[in-house]
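First the proteins, then the strands, lettered A, B, ... as listed; each starts at 1. Keep in mind the model is a prediction, meaning the values are calculated, not measured.
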There are 4 protein chains.
Amino acid sequence: MSAIRRTARRADIIDAAYRCMAQHGYERSTTAQICKVAGVSSGTFFHYFPTKAAVLGAVLEDGLQRTREVFERIRDTAARDAVAALDQWREHVLDEASDENLAGFIAVLGAVPDNAEVAAALRAEAQLTREVLTELVAAGQEQGTIRTDRTPDRIGTWLGILARGVLEHAAEEGPVVRDTLGPEMTDMLIRLLRP
Amino acid sequence: MSAIRRTARRADIIDAAYRCMAQHGYERSTTAQICKVAGVSSGTFFHYFPTKAAVLGAVLEDGLQRTREVFERIRDTAARDAVAALDQWREHVLDEASDENLAGFIAVLGAVPDNAEVAAALRAEAQLTREVLTELVAAGQEQGTIRTDRTPDRIGTWLGILARGVLEHAAEEGPVVRDTLGPEMTDMLIRLLRP
Amino acid sequence: MSAIRRTARRADIIDAAYRCMAQHGYERSTTAQICKVAGVSSGTFFHYFPTKAAVLGAVLEDGLQRTREVFERIRDTAARDAVAALDQWREHVLDEASDENLAGFIAVLGAVPDNAEVAAALRAEAQLTREVLTELVAAGQEQGTIRTDRTPDRIGTWLGILARGVLEHAAEEGPVVRDTLGPEMTDMLIRLLRP
Amino acid sequence: MSAIRRTARRADIIDAAYRCMAQHGYERSTTAQICKVAGVSSGTFFHYFPTKAAVLGAVLEDGLQRTREVFERIRDTAARDAVAALDQWREHVLDEASDENLAGFIAVLGAVPDNAEVAAALRAEAQLTREVLTELVAAGQEQGTIRTDRTPDRIGTWLGILARGVLEHAAEEGPVVRDTLGPEMTDMLIRLLRP
DNA sequence: AATGAATGAGACTTCATTCAT
DNA sequence: TATGAATGAAGTCTCATTCAT
């Protein structure tokens with residue numbers, strides 16, 4: 001009953017923190033500001049999270065959860081059709097790059113506070129990405145649709161580098177123009193990966 | 001004589017700020033810490049720079065200066081041989097990615113303070129990069145060594161994206177292994193750009 | 001029925017507050033902590049007591065009640081045999097000094113909050129002690145077992161000083177070793193009070 | 001030059017903290033209040049002391065220093081004449097009990113913050129007291145002026161208990177009336193210690 | 001030119017207390 | 001009667017910046 005409200009409040013705060021930090025970075029987002037955006041008092045804020053860093057941790061946890069879902073689907077697809085999975089992944093990257101908040105939020109991750117929870121979430125996200133991309137490439141190699149002159153791990157790494165570049169680009173230049181960047185990215189991937 | 005000392009002091013502070021910010025980000029680098037590393041008092045610090053943001057501005061200005069020099073050479077080469085210029089550029093990117101401090105410093109740029117000088121330096125750097133890369137691609141197209149099915153501007157943009165990806169990768173995973181990444185990058189560029 | 005439960009709850013809270021404050025002092029015992037120890041919610045806490053200071057008041061009231069009972073017995077004895085009464089009092093002081101919680105609780109009384117109820121309880125306790133001790137000494141003087149070269153009031157004061165010293169000593173050094181301190185205290189009292 | 005001013009400032013803050021804490025206890029003395037009394041800004045406060053607990057530490061350190069000086073003299077005297085030394089000690093205890101601030105300050109010591117410096121100072125003071133009193137008693141026993149049916153350590157402990165009682169008494173009842181308490185205390189000591 | 005003591009705004013966080021359920 | 005989410009005043013501490021020496 002009130003568990004619903006409790007969850008909603010928590011989500012409100014996480015969302016507010018996400019937006020604030022995406023806009024101003026972690027340090028320049030004050031708890032007061034986050035409270036205002038979330039529409040709660042400072043007391044409520046600290047009723048839900050013990051520290052400011054903990055909210056960042058929760059934001060990352062949330063993101064990690066969403067990433068997991070997306071990557072689960074990509075993984076499934078890859079087993080049957082690596083090229084289709086690659087396209088799903090490309091869409092995912094463009095989705096992220098188009099999300100104005102998320103693009104800005106990347107900046108935060110450069111200057112993270114010393115916090116175990118935060119560090120753990122970041123590590124988990126990085127490893128998950130690396131794992132899935134490696135798997136995807138390996139599947140493509142077996143299916144004969146991806147070049148085999150480099151290990152899956154190395155090729156996966158370069159896909160990761162590419163994604164990071166796109167995100168940073170979006171963060172800098174403002175939300176990405178999908179109609180332009182999308183086809184170009186497809187073209188790039190074909191050139192990069194074909195046997 | 002005293003002008004020399006003056007310049008040296010200034011350089012010390014800029015260098016200290018650069019190292020501190022590369023390690024802890026802008027906000028978490030306190031002026032006190034920068035002073036300590038530079039071996040000057042806070043009074044001296046504010047004698048040379050009106051605000052903390054101003055030192056960041058100077059750091060960026062310095063970087064911009066170095067970038068200008070490198071790009072000048074690349075520009076010259078490109079006019080004769082775009083492929084050679086591309087290789088110079090690739091070396092430059094790897095140099096940056098191998099510089100532990102610089103890799104960390106990238107993080108700073110995500111959460112910059114509201115400061116005209118800083119913003120200007122960042123804009124100048126971005127534009128310079130874009131200009132040179134576009135020029136380089138255009139030259140390659142004329143020399144018949146780079147694909148012509150996309151505009152120089154768009155291809156240049158993707159080179160920029162790639163560079164950003166490599167830098168972020170280095171910032172995250174620690175200084176880059178040149179021997180691995182270098183050849184791979186050459187390979188990527190060939191696949192990406194060949195007609 | 002519900003009056004019994006009501007009383008029990010109240011007693012739980014008082015007891016929890018007593019233990020918390022004995023361990024950490026008044027200010028550092030938070031209502032949240034007391035609630036946890038008592039096994040009630042903050043709502044319940046403030047249902048029974050209007051303020052945190054009020055619980056301290058209740059704790060003191062309780063202590064005063066117990067002191068009253070002990071001193072009533074001592075008073076009765078004193079009328080017949082002041083030396084026996086003195087021995088009862090000595091036992092009482094050692095009892096208190098042996099009670100780990102009580103010894104610690106003394107500390108609280110040094111930094112009491114501005115609260116009428118609390119102040120009243122403290123004053124009452126002090127006056128009761130002074131009254132009974134004075135009476136005891138007076139009885140001893142009449143019975144010829146206590147020196148008469150000083151007024152009962154002054155001698156009583158010194159007994160009080162001695163008791164305070166023992167309690168503080170216990171609070172500092174941990175619970176008192178009865179077998180050592182007991183006989184020594186008897187010896188002291190004899191030397192101090194004999195005619 | 002400015003070292004003098006620096007020391008003076010430091011002393012001002014220590015003194016202000018001492019007076020505030022003596023009046024309201026540690027927790028209820030806010031740094032803002034201490035700053036006001038000392039006539040400095042909060043910035044200056046934290047320029048001299050890293051935390052509020054550290055000022056308490058400094059206050060205790062100061063007290064310990066003064067105690068050392070007094071006890072040094074008492075020690076010297078004891079070697080020649082334990083009775084005279086005892087009288088010096090009695091004067092010292094009465095001095096403390098007459099100092100309105102010091103008497104109140106004792107209260108603070110009941111609820112000390114968790115702080116290494118503070119704990120160390122308290123331990124040092126306690127041990128010093130115990131050492132000197134034991135030494136004094138031992139000297140008296142050798143000189144034949146103090147009873148020998150108990151060990152110096154135990155008798156010293158009781159002297160300590162007595163002193164604590166007097167201090168607490170003063171803290172509670174307001175500054176002590178020397179003319180009354182002084183002779184009484186002499187009398188007590190004679191009765192307690194004579195062979 | 002150089003120092004570092006002094007400042008005070010503002011950040012994060014705690015906690016007694018209220019109130020809707 | 002009981003709960004615990006919500007509140008916001010107030011506390012400690014940080015840090016960029018100023019200024020007297």
Side-chain angles (χ1 to χ4, degrees), chain A residues 1-3 5-10 13 27-35 39-55 113, chain B residues 2-3 5-6 9-10 27-36 39-55 113, chain C residues 2-3 5-6 9 27-36 39-55 113, chain D residues 1-3 5-10 27-35 39-55 113:
Chain A
M1 196 116 333
S2 81
R5 181 123 100 226
R6 187 174 168 79
T7 304
R9 279 280 210 212
R10 212 186 110 96
I13 295 171
E27 301 286 352
R28 299 172 72 88
S29 297
T30 67
T31 54
Q33 198 178 147
I34 296 170
C35 287
V40 302
S41 67
S42 70
T44 299
F45 181 99
F46 286 98
H47 181 65
Y48 284 94
F49 299 96
T51 62
K52 185 177 142 187
V55 208
Chain B
S2 130
R5 187 145 82 216
R6 183 175 172 80
R9 281 276 213 210
R10 216 186 106 95
E27 301 287 350
R28 299 169 72 90
S29 298
T30 66
T31 55
Q33 195 179 150
I34 295 170
C35 288
K36 201 171 185 182
V40 303
S41 69
S42 67
T44 301
F45 180 101
F46 285 97
H47 179 71
Y48 283 96
F49 299 96
T51 63
K52 183 177 145 187
V55 206
Chain C
S2 127
R5 188 142 82 217
R6 186 175 169 80
R9 281 275 212 214
E27 301 287 348
R28 298 170 75 89
S29 298
T30 66
T31 56
Q33 196 179 150
I34 295 170
C35 287
K36 202 171 183 181
V40 301
S41 69
S42 67
T44 300
F45 180 99
F46 284 96
H47 178 71
Y48 284 97
F49 298 96
T51 65
K52 183 177 145 187
V55 205
Chain D
M1 198 118 329
S2 79
R5 182 124 97 226
R6 188 175 168 80
T7 302
R9 279 280 210 211
R10 213 186 109 95
E27 301 286 352
R28 300 171 71 89
S29 298
T30 67
T31 54
Q33 198 178 146
I34 296 170
C35 287
V40 302
S41 67
S42 70
T44 299
F45 181 99
F46 287 99
H47 180 67
Y48 284 94
F49 299 96
T51 62
K52 185 177 139 185
V55 207

Check the interface with nucleotides 7-10 of chain E: list each N/O to N/O pair with the protein under 3.5 Å, or write none.
| from | atom 1 | to | atom 2 | distance (Å) |
| --- | --- | --- | --- | --- |
| dT7(E) | OP2 | Ser41(D) | N | 3.3 |
| dT7(E) | OP2 | Ser41(D) | OG | 3.2 |
| dT7(E) | OP2 | Thr44(D) | OG1 | 2.5 |
| dT7(E) | O5' | Ser41(D) | OG | 3.4 |
| dG8(E) | N7 | Ser42(D) | OG | 3.4 |
| dG8(E) | N7 | Gly43(D) | N | 3.2 |
| dA9(E) | N6 | Ser42(D) | OG | 3.4 |

Examine dA16(E): is either OP1 or OP2 under 4.0 Å from a nitrogen or oxygen in the side chain of Thr31(C)? Give yes or no. yes
Please report, rounded to the nearest Å, how far the P atom of dA6(F) is from the CZ atom of Phe46(A). 15 Å
Integer-rounded Å distance: dG4(E) P and Arg6(D) CZ: 10 Å
Rounded interatomic separation in angstrom, taking CZ from Arg28(C) and C1' from dT14(E): 12 Å
Using the test side chain to side chain contact (heavy atoms under 4.5 Å, CB included), find all partners of Thr31(C) that sit at least two apart in sequence or belong to another chain. Phe45(C), Phe46(C), Lys52(C)
Under a 3.5 Å cutoff on both atom distances, Watson-Crick or G-U, what's the dot-bracket for DNA chain E ([ ] crossing, | other strand)? .||||||||||||||||||||
Tell me every residue that passes side chain to side chain contact (heavy atoms under 4.5 Å, CB included) with Ser41(A), counting only those two or more places apart in sequence or in another chain. Thr44(A)
Residues which pass salt bridge (Lys or Arg N to Asp or Glu O under 4.0 Å) with Arg28(C), listed by chain and number, not counting sequence neighbours: Glu27(D), Asp114(D)
Of all the heavy-atom pairs spanning Arg9(B) and Tyr48(B), show the shortest one and how long it is. CB-OH, 3.4 Å
Write down the distance between CD1 (Ile13(A)) and C1' (dA6(F)), rounded to a whole number of angstrom. 11 Å
When you measure from the side-chain N and O atoms of Tyr48(C) to the phosphate of dT1(F), is any distance below 4.0 Å, counting only OP1 and OP2? no
What residues form a side chain to side chain contact (heavy atoms under 4.5 Å, CB included) with Phe49(B), not counting sequence neighbours? Arg10(B), Ile13(B), Ile14(B), Ala54(B), Val55(B), Ala58(B)
Between P on dA6(F) and CZ on Arg5(A), what's the gap in Å once rounded to a whole number? 7 Å
5' priority, DNA chain F, between Pro50(B) and Pro50(D) [closest heavy atom]: Pro50(D)
Provide, to the nearest angstrom, the distance between the CZ atom belonging to Phe49(D) and the P atom belonging to dC13(F). 13 Å
Please give me the minimum heavy-atom distance between Ser42(C) and Cys35(C), naming the atom from each residue. CA-SG, 3.6 Å
Spacing between Lys52(D) atom NZ and dT14(E) atom P, to the nearest angstrom: 15 Å
